[in-house]
Amino acid sequence: MARSINSSVPIFSWEKMDNETSDLEGQIRQRTHKVAELRERGMNPYANDFRVTHAIAEVPRDPQQLPPEPEIAADAPRYAVAGRLLQMNEKGKVAFLFLRGDGGEMIQLFVKIDYPDAFAVMKELQLGDIVGARGAMFATRIGKAAMRTEQLRLLTKAIRPLAGKLLGGQEIKDIEARYRHRYLDMISHPEVVEVFRKRARTISEMRRFFDERRYVEVETRMLLSTNGGATARPFRTHHNTLDVDLYLRIATELDLKRLVVGGIDRVYEIGRIFRNEGMDRFHNPEFTSIEFYQAYATYEDLMALTEELLERLAIAVAGTTEISFQGQAISLRRPFRRISMLEAVLERQPDLPEVQRSGLGLVEAFEAHVEPQLIQPTFVTHFPIEVSPLSRRNDRDPKMCDRFELFVVGKELANAFSELNDPLDQRGRFQAQAVLKQAGDAEAMDYDEDFCQALEYGMPPTAGEGIGIDRLVMLLTDQPSIRDVIPFPQLRPEGG
RNA sequence: GAGCUCGUAGCUCAGCUGGUAGAGCAGCGGCCUUUUAAGCCGUUGGUCGUGGGUUCAAAUCCCACCGGGCUCACCA
């Protein structure tokens, strides 16, 4: 079962290249020879002295506003742009090229023999090359914007031919290839890039949201000798100098609460979490969470804050609170529904047996019958104490705790509670975890003595919350799999 | 971990009631001064995932293995 990390180093060999007979190798060899040939003729195939003056998005490309080519004014503005060559239609003494640049913006180049230098360069280009062009814009006879290319430069030679759809070709359908060679996926499917842009927007907007509220962003340790803060199996690693085994964190919770004890009343961390568990559409072994903690607040305050946050993110990223996820209409407009776990289960099973009305039985019934049905955003509150080793006991019902989870499209999106700050209670909960661990529960938390001591010094009443950012981005960008919002999702190691 | 399913040219696929491989796109050579999935002529390229087996003969049937996908289980 154990598989070592792949450390093979491919050896480049001209002889091997020249002896290869496959079509792909033949194309690579042909393009490699092209590079040498261009160098011999004094053309640098990897030139970096071309100055771009405009992003393609900044170039006027509305044909209504552009003159026909023969009427380009002598002093018309010139634009220097660059991008990847995606299509080339040669028509004898004239050629049309399509470039795609940053942001997926396209521009059409018109290269004609009247500009012999540019024309000669065009003859050397191949699909996939990165090129720079300078010229004036006009409208073609069929009413499309194009740049009369007066200067054309090869900026980077593509040695390996691009696979799949560029413009009008076939899509790459091999899902493995798309994730393993994400750059190909992005070249072939510009909408993939848009998802990553939206992911970035989600996170930056989130930062802004918390910064505005005087939260302090921190980065806590990822390598830990005690593991806690969530129920999950950890990854193990080893520190050579200390000669000690360490865990990769499964949550940021305990360190953030230590910081609250230390006096940062509002703190958050956005960062990677690692859980050594199964993978599917909603789970990647490493994923990104935000956890935030606010002193002198309760989980109820966080419900209001969460509503505000999600509504704002939806507008910032999707442009509206009324989004669609995999064909289901979802409204992220405030307020969200709130219901206790027991009420939620009773709604569907009024005759619920007594043993299922509390403790693990209740959670089981909830997960089996209710969770998948919670399509619209719903806060579920009042969790049994057994599944919440770090949350504050409810003052009226000591079997329950002051906690909520937010569910959307049948999946947990956020988890929050009023934090347990009674050190004696916390020690008892850790002990219960230790018992589970001894009984073989690999997901049980370690007894964290230092954390208990921190609480003994006194943590103000605090509420904290964690949100899975990957799932949130899936929701906001309507992506069916977590792999679609992570640039390099976990796959099996390549090869045997 | 279990079930289902798939693995043929760089990409997308056809061929699979067994007779040693095809198309479109891409590539290469040629023609074309306003095209836009341009067109036309010519052309390269595959030990059909790997290894066994059945057979005169296997991409095609059988078995095993490797890899992918989906579903379930596990998992917040």
Side-chain angles (χ1 to χ4, degrees), chain A residues 1 3 20-31 33-34 63 68-70 86-98 106-115 119 126-128 138-149 158 160-181 184 187-188 229-233 250-251 273 275-285 287 289 363 366-367 371 380 383 387-388 405-407 410-415 442-443 466-468 470-471 480-483 491-496:
Chain A
M1 281 304 287
R3 205 189 295 253
E20 285 289 347
T21 54
S22 78
D23 187 48
L24 175 62
E25 293 294 342
Q27 288 192 39
I28 293 173
R29 187 175 354 126
Q30 182 265 123
R31 285 171 176 243
H33 285 150
K34 187 85 179 174
E69 195 244 321
L86 295 187
Q87 193 187 70
M88 186 153 59
N89 297 335
E90 273 192 75
K91 283 184 54 73
K93 297 187 175 61
V94 71
F96 294 89
L97 323 196
F98 281 90
M106 302 281 302
I107 191 167
Q108 179 171 225
L109 306 182
F110 174 73
V111 184
K112 60 178 188 173
I113 203 162
D114 311 22
Y115 293 85
F119 195 79
Q126 291 167 298
L127 294 192
F138 70 99
T140 64
R141 285 183 197 164
I142 62 167
K144 301 291 179 186
M147 173 188 282
R148 185 184 68 191
T149 305
R160 197 173 279 269
L162 289 173
K165 178 161 100 175
L166 297 176
L167 267 191
Q170 302 288 339
E171 292 184 40
I172 299 177
K173 288 206 172 157
D174 181 344
I175 288 181
E176 187 198 7
R178 293 183 60 174
Y179 295 138
R180 220 184 270 293
H181 307 294
L184 288 181
I187 292 167
S188 189
T231 51
R233 283 190 234 194
I250 55 172
I273 301 293
R275 296 190 182 175
N276 205 342
E277 290 164 348
M279 296 151 53
D280 62 32
R281 213 144 67 79
F282 292 97
H283 300 264
N284 196 62
F287 61 97
S289 78
V363 175
F366 172 78
E367 287 178 354
E371 182 173 336
V380 175
F383 280 58
V387 295
S388 313
E405 287 190 358
L406 174 64
F407 294 88
K411 291 287 164 188
E412 176 199 342
L413 191 66
N415 177 21
E443 297 164 11
I467 299 177
D470 309 272
R471 286 185 185 178
S481 169
I482 198 165
R483 289 174 162 185
L491 302 171
R492 283 168 197 260
E494 198 166 11

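Here is the naming used below: chain letters follow the sequence lines, and residue numbers restart at 1 for every chain.
Taking side-chain N and O atoms only, A:Arg483 has a distance below 4.0 Å to OP1 or OP2 of B:G69. Distances shown here put a side-chain N or O of A:Gln87 below 4.0 Å from the OP1 or OP2 atom of B:A38. Phosphate proximity of B:A26 to A:Gln126: absent, as no side-chain N or O sits under 4.0 Å from OP1 or OP2. For the OP1/OP2 pair of B:U33 and a distance below 4.0 Å, the side-chain nitrogens and oxygens of A:Lys93 include at least one atom meeting the criterion.
Separation of the C1' atoms belonging to B:G22 and B:U35 is 31 Å when rounded to the nearest angstrom. Between B:G24 and B:C41, the distance separating the two P atoms is 11 Å to the nearest Å. Between B:G7 and B:G49, the two P atoms lie 8 Å apart (nearest whole Å). B:A23 and B:A9: their P atoms are spaced 14 Å apart (whole Å). B:U20 sits 14 Å from B:C48 when the P atoms are compared, rounded to a whole Å. The gap from the C1' atom of B:C25 to that of B:G51 amounts to 34 Å, rounded to the nearest Å. Rounded to a whole angstrom, the distance from the C1' atom of B:G18 to that of B:A57 is 8 Å. The same atom, C1', is picked in B:G10 and in B:G45; the two are 10 Å apart, to the nearest Å.
Within the nucleic acid shown, A:Gln30 comes within 4.0 Å of sugar-phosphate atoms alone, with no base atom in reach, counting heavy atoms only. Residue-level contact check: A:Phe383 touches the bases, meaning some heavy atom is under 4.0 Å from a base atom.
Atoms CZ (A:Arg178) and P (B:G69) sit 12 Å apart, rounded to a whole Å. In this structure, CD1 of A:Ile187 is placed 18 Å from P of B:G10, rounded to the nearest angstrom. Distance A:Leu86 CG to B:A26 P: 13 Å, rounded to the nearest Å. A straight line from CD of A:Glu90 to P of B:U33 spans 12 Å, rounded to a whole angstrom. Rounding to whole angstrom units, CZ of residue A:Phe96 and C1' of B:U33 are separated by 9 Å. Look at CZ on A:Arg160: it is 17 Å from P on B:G27, rounded to the nearest Å. Rounded to a whole Å, the CD1 atom of A:Ile28 is 17 Å from the P atom of B:G45. In this structure, A:Arg29 places its CZ atom 12 Å from C1' of B:C28, rounding to the nearest Å.
For the atom pair OG (A:Ser481) and CG (A:Asn284), the distance works out to 8.5 Å, reported to the nearest 0.5 Å.
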Quick one: which protein N/O atoms are closer than 3.5 Å to N/O atoms of nucleotides 71-75 of chain B? Pair and distance per line, please.
unit_1 : atom_1 : unit_2   : atom_2 : d
B:C74  : N4     : A:Asp280 : OD2    : 3.3
B:C75  : O3'    : A:Glu277 : OE2    : 3.2
B:C75  : O2'    : A:Glu277 : OE1    : 2.2
B:C75  : O2     : A:His283 : ND1    : 3.1
B:C75  : O2     : A:His283 : NE2    : 2.6

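A donor-acceptor pair under 3.5 Å is formed between the side chain of A:Arg275 and the backbone N or O of A:Ile250.
For A:Arg148, the side chain to side chain donor-acceptor pair (under 3.5 Å) criterion is met by A:Tyr115, A:Glu150, not counting sequence neighbours. Take A:Lys93 and apply the side chain to side chain donor-acceptor pair (under 3.5 Å) test, not counting sequence neighbours, and it matches no residue. Applying the salt bridge (Lys or Arg N to Asp or Glu O under 4.0 Å) test to A:Lys411 and every residue at least two apart in sequence or in another chain returns nothing. Partners of A:Arg31 by salt bridge (Lys or Arg N to Asp or Glu O under 4.0 Å), not counting sequence neighbours: none found. For A:Asp114, the salt bridge (Lys or Arg N to Asp or Glu O under 4.0 Å) partners are A:Lys112, not counting sequence neighbours.
Side chains of A:Gln30 and A:Gln126 form a contact here, defined as non-hydrogen atoms less than 4.5 Å apart.
Base pairing annotation: B:C65 forms a Watson-Crick or G-U wobble pair with B:G49, both donor-acceptor distances under 3.5 Å. In this structure, B:G1 and B:C72 make a Watson-Crick or G-U wobble pair, each of the two defining distances being under 3.5 angstrom.
The aromatic rings of A:Phe110 and A:Phe138 lie perpendicular to each other, with more than 60° between the two planes, well past the 30° mark.
One donor-acceptor pair, N or O on each side, does fall under 3.5 Å between the base of B:U35 and the side chain of A:Gln108.
For the pair A:Phe407 and A:Arg141, nearest-nucleotide mapping onto RNA chain B gives the more 5' position to A:Arg141.
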